[in-house]
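Owing to the predicted nature of the structure, the values given are computational and were not obtained by experimental measurement. Every chain is numbered from 1, with letters handed out A, B, ... down the list of sequences.
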Amino acid sequence: MKIDIVWGKSEGKTLLSAFDRALLEAGIHNFNLILLSSVIPKNSVVEEVGKAHLSNEIGDILHVVIASFGCKKPNAIISAGLGWVQTKQGGLFIESKGEFSQEDCKEEIRIGLSEMLEARGWNGEIKMKIISHRVEEIANVTVAAVYCNL
Amino acid sequence: MKIDIVWGKSEGKTLLSAFDRALLEAGIHNFNLILLSSVIPKNSVVEEVGKAHLSNEIGDILHVVIASFGCKKPNAIISAGLGWVQTKQGGLFIESKGEFSQEDCKEEIRIGLSEMLEARGWNGEIKMKIISHRVEEIANVTVAAVYCNL
Amino acid sequence: MKIDIVWGKSEGKTLLSAFDRALLEAGIHNFNLILLSSVIPKNSVVEEVGKAHLSNEIGDILHVVIASFGCKKPNAIISAGLGWVQTKQGGLFIESKGEFSQEDCKEEIRIGLSEMLEARGWNGEIKMKIISHRVEEIANVTVAAVYCNL
């Protein structure tokens with residue numbers, strides 16, 4: 001499986017249009033997203049591409065693991081992130097999001113993913129992509145993992 | 001793609017059974033709903049049918065964009081609505097729902113959808129279907145777009 | 001359709017890793033879960049198996065109806081449950097979850113499912129599986145119905 005990590009952050013006039021603009025930055029605004037929980041198949045290639053460049057048609061279904069947070073409190077610090085690990089047996093994503101700093105988001109991912117690995121007896125290096133933002137009026141931060149071959 | 005707009009509102013004894021009765025009014029209570037985000041494929045036909053009349057089997061999967069709101073505050077005014085636009089390039093849905101009036105729901109849809117169109121450089125007429133209700137005990141309002149050929 | 005009822009409860013270091021450990025107990029931690037709403041196809045076999053023993057590959061998609069509740073209030077009583085009914089015409093699941101006792105969960109399922117049956121003119125015996133737990137630090141309770149042939 002080819003899995004592309006993409007992300008975006010944006011202000012908007014409503015929570016939904018801010019989310020839409022974050023998806024646009026990530027290159028996945030013109031697809032119908034179906035959410036997956038969090039498992040990476042064996043022999044997958046996970047790559048941080050930032051913005052997806054997909055040849056799918058407008059309205060096609062796209063399967064994604066997504067961490068997305070919207071907020072309309074001016075000056076709030078918001079973060080959304082995915083952490084992931086790949087091992088010989090398979091891999092895992094974890095999402096983290098909320099009104100907190102990049103450091104707190106990183107820590108939540110580290111603790112949660114470590115425990116998920118331990119529960120399976122798996123070992124591997126934790127990678128992360130976190131997007132943070134200080135809200136001006138209404139904003140959204142999003143990180144998504146696009147399962148390109150589903 | 002044939003896309004049918006359906007809707008319902010209902011009181012119920014629990015939030016979930018009120019939702020179920022709203023789905024029944026909409027004609028989609030006997031299917032397993034999988035939620036899509038919001039994009040309309042090119043050359044789709046979107047029609048306000050009110051109640052779906054589908055020949056699918058009980059338990060079949062149905063892909064829908066849905067705006068649904070349940071509430072158990074007597075006398076609260078609740079609304080749920082979908083707005084949509086079709087253009088030559090493709091189309092978009094936006095959902096809006098909450099404890100607010102039909103007018104506020106309409107305004108949120110108009111502002112959000114206008115910004116989503118602007119972000120893509122798309123143009124088209126905004127259409128909407130909004131259902132509002134004054135809660136007696138426990139109630140739900142739902143508007144859904146059924147992707148009939150998925 | 002073969003539908004397996006599975007369940008788990010666990011403490012964890014974060015809400016998400018507690019959820020993951022509950023899924024592990026249920027045997028569905030290594031799949032990508034896609035959520036279905038609640039309808040049971042005709043002639044399905046629903047069985048309480050506790051822990052799934054699936055031969056699917058790590059990362060495969062699994063369709064589930066799920067009731068899951070996470071909580072980080074020490075000493076809180078939390079419950080999650082599925083109720084179901086099968087009739088000649090088809091069947092229904094209902095989920096219930098929250099910070100309440102097994103008895104309250106049972107009552108919510110009974111009332112909601114009775115109303116859903118009545119709305120369809122269906123009759124059948126209500127069955128349930130409910131998991132409850134007193135939170136130590138951070139915990140999750142989960143009951144899921146796995147649609148094995150989807």
Side-chain angles (χ1 to χ4, degrees), chain B residues 6-37 51-72 80 95 135-147 150, chain C residues 1-3 32-46 61-67 80-98 100 104-122 126 145-147 149-150:
Chain B
V6 299
W7 56 84
K9 65 177 169 186
S10 179
E11 296 282 322
K13 286 175 187 158
T14 72
L15 285 171
L16 251 178
S17 54
F19 176 48
D20 181 66
R21 278 177 176 265
L23 292 180
L24 186 145
E25 271 197 30
I28 54 174
H29 56 307
N30 280 335
F31 305 111
N32 275 308
L33 308 181
I34 289 186
L35 309 191
L36 298 178
S37 48
K51 181 171 187 138
H53 294 283
L54 300 166
S55 56
N56 306 44
E57 294 285 318
I58 288 175
D60 277 357
I61 284 177
L62 214 60
H63 290 85
V64 298
V65 175
I66 197 166
S68 181
F69 192 73
C71 180
K72 43 185 176 179
E95 66 170 270
V135 179
E136 290 166 32
E137 298 285 339
I138 299 177
N140 178 279
V141 284
T142 294
V143 179
V146 179
Y147 284 58
L150 261 189
Chain C
M1 178 74 61
K2 176 170 152 46
I3 300 177
N32 274 308
L33 308 182
I34 289 187
L35 308 191
L36 298 179
S37 47
S38 60
V39 183
I40 302 174
K42 257 196 282 197
N43 305 319
S44 293
V45 177
V46 181
I61 284 176
L62 214 60
H63 291 86
V64 297
V65 175
I66 196 165
L82 290 179
W84 64 97
V85 170
Q86 289 187 272
T87 76
K88 280 171 297 190
Q89 296 94 331
L92 295 171
F93 280 111
I94 194 170
E95 65 172 269
S96 170
K97 64 186 178 185
F100 51 33
D104 289 346
C105 188
K106 191 183 287 187
E107 187 66 3
E108 187 178 80
I109 287 175
R110 198 189 56 72
I111 293 171
L113 202 45
S114 298
E115 191 174 33
M116 287 166 70
L117 286 169
E118 189 191 311
R120 287 161 177 81
W122 289 2
I126 295 181
V146 179
Y147 283 58
N149 320 122
L150 261 188

Against chain C, work out which of B:Ser17, B:Gly59, B:Gly12 has the most heavy-atom pairs shorter than 4.5 Å and name it.
B:Ser17

Among B:Asn30, B:Leu23, B:Leu15, residue most engaged with chain C (heavy-atom pairs, under 4.5 Å):
B:Asn30

Give, for atom [atom1] of [X] and atom [atom2] of [Y], the distance between the pair rounded to the nearest 0.5 Å.
{"X": "C:Ser96", "Y": "B:Leu16", "atom1": "OG", "atom2": "CG", "result": "8.0 Å"}
{"X": "B:Ile58", "Y": "C:Trp122", "atom1": "CD1", "atom2": "CH2", "result": "4.0 Å"}
{"X": "C:Leu35", "Y": "B:Leu33", "atom1": "CG", "atom2": "CG", "result": "12.0 Å"}

[X] side chain near [Y] side chain, heavy-atom distance below 4.5 Å:
{"X": "B:His29", "Y": "C:Arg120", "answer": "yes"}
{"X": "C:His63", "Y": "B:Ile61", "answer": "yes"}
{"X": "B:Arg21", "Y": "C:Glu115", "answer": "yes"}

Evaluate whether atom CD of C:Gln89 has more than 12 neighbouring non-hydrogen atoms of other residues, nucleotides or ligands under 6.0 angstrom away.
yes

For C:Asn43, I'd like to know if atom CG has over 12 heavy atoms of other residues, nucleotides or ligands within 6.0 Å.
no

What closest approach, in Å, do B:Thr14 and C:Glu108 show between heavy atoms, and which atom pair accounts for it?
CG2-O, 4.1 Å

Considering residues at least two apart in sequence or located in another chain, which fulfil the side-chain hydrogen bond (donor to acceptor under 3.5 Å, both in side chains) criterion with C:Lys42?
none

Can you tell me which of C:Ile94, C:Val65, C:Ile34, C:Val39 forms the most heavy-atom pairs within a distance under 4.5 Å of chain B?
C:Val39

Side chain, backbone, both or neither: which part of [X] has an atom under 4.5 Å from a heavy atom of chain B?
{"X": "C:Leu113", "answer": "neither"}
{"X": "C:Phe93", "answer": "neither"}
{"X": "C:Leu36", "answer": "both"}

Applying side chain to side chain contact (heavy atoms under 4.5 Å, CB included) to C:Asp104 and not counting sequence neighbours gives C:Phe100, C:Ser101

Donor-acceptor contact below 3.5 Å, side chain C:Ser37 vs main chain B:Phe31
yes

